[in-house]
Visitor: 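One structure, as structure tokens, below. Some questions next.
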Amino acid sequence: MTRHHGIDYVELTVTDLHAAERFYTEAFGWHATRYGPGYSGLRGPGGEGPEIGGLALGERPRQGGPFVLLYSEDLEASAEAVRAAGGAVVNGPYAFPGGRRFHFTDPSGNELGVWSSH
């Protein structure tokens, strides 16, 4: 269940989408849903429940590791709260399949995202 400003989704950058889908399916029983040539959503074992993460095709893994996404009930208010607290919105808000999101950096330079279903 999504909670306002709770960690909700982890995105991994992979260099071979097919191989990554196969790996996570075989190793952990996760289920991949392909959304196009460059992205797959992941559900936990059995394929039940909401997506827990995604696989994003890239040339190399994301610097700093996996991309963590928080959930927000009010995306614009969350973006303003990031700015007011000393962070920087570096991408978005923008639409994607399933809602809208933005990326931000904290004062140390860590990049995270916030998404909303509306």
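FYI, the numbering just counts along the sequence from 1. Both backbone and side-chain heavy atoms feed into the values below; hydrogens, waters and symmetry mates do not.
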Visitor: When the aromatic ring centroids of His18 and Phe23 are compared, is their separation below 6.0 Å?
Guide: no
Visitor: Tell me which one of Asn91, Leu112, Val90 satisfies side-chain contact (heavy atoms from CB on, under 4.5 Å) with Phe104.
Guide: Leu112
Visitor: Which heavy-atom pair separates Glu21 from Leu55 by the least distance, and what is that distance?
Guide: N-CD1, 3.8 Å
Visitor: Give me the atom names and distance for the closest heavy-atom approach of Thr15 to Pro61.
Guide: CG2-CD, 4.4 Å
Visitor: Counting N and O atoms only, with roles assigned by atom type, does the side chain of Thr105 sit under 3.5 Å from a partner on the main chain of Glu111, one being a donor and the other an acceptor?
Guide: no
Visitor: Quick one: does any side-chain atom of Tyr9 pair with a main-chain N or O of Gly53 as donor and acceptor, under 3.5 Å?
Guide: yes
Visitor: Start with the C-alpha distance between Tyr39 and Leu57, add both sets of side-chain angles, then the distance that settles side chain to side chain contact (heavy atoms under 4.5 Å, CB included), and finish with yes or no.
Guide: CA-CA 6 Å; Tyr39 199 87; Leu57 185 61; over 6 Å; no
Visitor: Could you go through His5 and Ser78, starting from their C-alpha distance and side-chain angles, then the distance that decides it, and tell me whether this counts as side-chain hydrogen bond (donor to acceptor under 3.5 Å, both in side chains)?
Guide: CA-CA 8 Å; His5 290 171; Ser78 294; 2.6 Å; yes
Visitor: According to a hydrophobic-cluster definition based on side-chain heavy atoms being under 4.5 Å apart (Ile, Leu, Val, Met, Phe, Trp, Tyr only), do Leu70 and Val89 belong together?
Guide: yes
Visitor: Return yes if some donor-acceptor pair links the side-chain N/O of His4 with the main-chain N/O of Glu73 below 3.5 Å, else return no.
Guide: yes
Visitor: Membership question, hydrophobic clusters at under 4.5 Å side-chain separation (ILVMFWY): are Leu75 and Tyr71 in the same one?
Guide: no
Visitor: Would you say Tyr94 and His103 are linked by a side-chain donor-acceptor pair, where the criterion is simply a distance under 3.5 Å?
Guide: yes
Visitor: Establish, for the pair Arg101 and Phe96, whether the NZ or CZ atom is under 6.0 angstrom from the six-membered ring centre and no further than 45 degrees off its axis.
Guide: yes
Visitor: What are the two closest heavy atoms between Arg34 and Ser40, and how far apart are they?
Guide: NE-OG, 3.3 Å
Visitor: Identify the two heavy atoms, one from Gly86 and one from Pro107, that lie closest to each other, and give their separation to 0.1 Å.
Guide: O-CG, 3.9 Å
Visitor: Can you confirm whether Glu76 sits close enough to Arg100 that some side-chain heavy atom of one is under 4.5 Å from a side-chain heavy atom of the other?
Guide: yes
Visitor: Is the side chain of Thr25 donor-acceptor paired with the backbone N or O of Trp30 at a distance under 3.5 Å, no angle test?
Guide: yes
Visitor: State yes or no: do Leu69 and Ile52 share one hydrophobic cluster built from I, L, V, M, F, W and Y residues joined by side-chain heavy-atom distances below 4.5 Å, directly or via other members?
Guide: no
Visitor: Between the main-chain N or O of His118 and the side-chain N or O of Ser116, is there a donor-acceptor pair closer than 3.5 Å?
Guide: yes
Visitor: Minimum heavy-atom separation for Asp8 to Trp115, with atom names?
Guide: OD2-NE1, 2.8 Å
Visitor: Please step through side chain to side chain contact (heavy atoms under 4.5 Å, CB included) for the pair Val82 and Phe102, ending with a clear verdict.
Guide: CA-CA 11 Å; Val82 163; Phe102 70 88; 4.1 Å; yes
Visitor: How far apart are the closest heavy atoms of Thr33 and Glu51, and which atoms are they?
Guide: CB-OE2, 4.4 Å
